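Right, one structure below, let's go through it.
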Amino acid sequence: MERIAPKTVGADLLDGVPRQRSVLPAPPPARPLAVPRVRPWLLLPTPAGTPFTFGYAALLAVTSLIAAQAPPSLVYALYQGSSTDVAHLVRSPAVVLLTSALWIAGGLVSPYALAFVLVLTALERRIGGARAACVFLAGHVLATLATEVPVGLAVLAGQLPGTSLHRLDYGISFGVAASTGALAGLLRPWLRWPLLAGTAGLLLSDLLAYTDPMTNWGHLIALTIGVSTWPVIRRWAAVETP
């Protein structure tokens, strides 16, 4: 008689155990959205980061202190010797074009002083100090010539009196206006167009006030010069920050 081995208790129950589902790896935790770091100190010049703006601002601070503390007669003589009026441009153009940019009309409380620091710092960080200096000087020199040469021609034609040849003309405002126009070309559109519209609106309101039309026209010309540099400064910015 054939013997049949008894089944092990529970052996037939193993087939009834449901298959375990494969456990998928847990998804990695979502990374928090990167929030741009706000670094307001980058708005101000530093000796290492923006040497041109820092050194120039320090020089302007010294000349502004001299203008505030020196006797009025001495200050007037300094302004007159640095003036880019027609008479000085004819005699020593290079000297007065440089020295006239050592003064801030209105001193350190002038809006152009704050605009100089903010605009030149931002521009230099994007294209470098030497190139920022070129933009500033281009606006300062070309806008000065664009306003003073017609005055000289008008005097020769008898349309203006001879005293117009000695009109005081100094300051950094033309350079600042050109730098503002250039900087706008490197900003995103939501910053570029409000900056341009706001700057142009302020300059046009000054022109319509007709208190100093020659200087006001010079500011608009300088702003246009800055805008015209967009193709060049965009290439410079691409080289500076690849």
Side-chain angles (χ1 to χ4, degrees), residues 45 52-120 132-156 159-180 199 202-203 205-207 209-223 225-226:
F52 167 69
T53 305
F54 185 86
Y56 198 173
L59 181 60
L60 290 173
V62 172
T63 58
S64 297
L65 183 63
I66 292 173
Q69 301 297 327
S73 57
L74 175 60
V75 174
Y76 179 79
L78 292 172
Y79 286 164
Q80 191 176 44
S82 305
S83 175
T84 51
D85 54 60
V86 177
H88 282 92
L89 284 173
V90 171
R91 291 199 302 268
S92 52
V95 173
V96 294
L97 283 170
L98 290 176
T99 56
S100 63
L102 298 178
W103 308 96
I104 306 176
L108 292 177
V109 298
S110 168
Y112 285 102
L114 178 61
F116 172 88
V117 171
L118 297 179
V119 170
L120 266 295
C134 289
V135 173
F136 182 91
L137 286 175
H140 176 71
V141 172
L142 296 179
T144 296
L145 295 177
T147 51
E148 292 292 348
V149 170
V151 170
L153 295 176
V155 171
L156 288 176
Q159 301 298 316
L160 288 175
T163 54
S164 300
L165 300 176
H166 304 278
R167 174 185 175 277
L168 282 181
D169 188 12
Y170 62 90
I172 61 171
S173 58
F174 290 171
V176 172
S179 300
T180 302
T199 303
L202 289 174
L203 298 181
S205 65
D206 290 341
L207 180 62
Y210 211 72
T211 55
D212 191 356
M214 191 181 80
T215 299
N216 299 146
W217 273 115
H219 290 153
L220 288 170
I221 292 170
L223 182 67
I225 291 170

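All values reported here derive from a predicted model rather than from experimental measurement.
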Any side-chain heavy atom of [X] sitting closer than 4.5 Å to one from [Y]?
X: Asn216; Y: Leu220; result: no
X: Leu78; Y: Trp103; result: yes
X: Thr211; Y: Asp206; result: no
X: Phe174; Y: Ile225; result: no
X: Met214; Y: Val151; result: yes
X: Ser164; Y: Val86; result: no

Ring pair (Phe, Tyr, Trp, His ring centres under 6.0 Å) against Trp217, all qualifying residues, sequence neighbours excluded: none
Might you point out which heavy atoms bring [X] and [Y] nearest each other, and give the distance in Å?
X: Gln80; Y: Leu168; result: CA-CD2, 3.6 Å
X: Tyr56; Y: Ala101; result: OH-O, 2.5 Å
X: Leu89; Y: Thr84; result: CD1-O, 3.3 Å
X: Thr99; Y: Gly81; result: OG1-O, 4.4 Å
X: Ala113; Y: Leu108; result: CB-O, 3.6 Å
X: His140; Y: Leu97; result: NE2-O, 2.8 Å

Reference residue Leu165; test side chain to side chain contact (heavy atoms under 4.5 Å, CB included); the match among Leu156, Val90, Val155, Asp85: Val155
Ring centers of Tyr112, His219 separated by less than 6.0 Å: yes
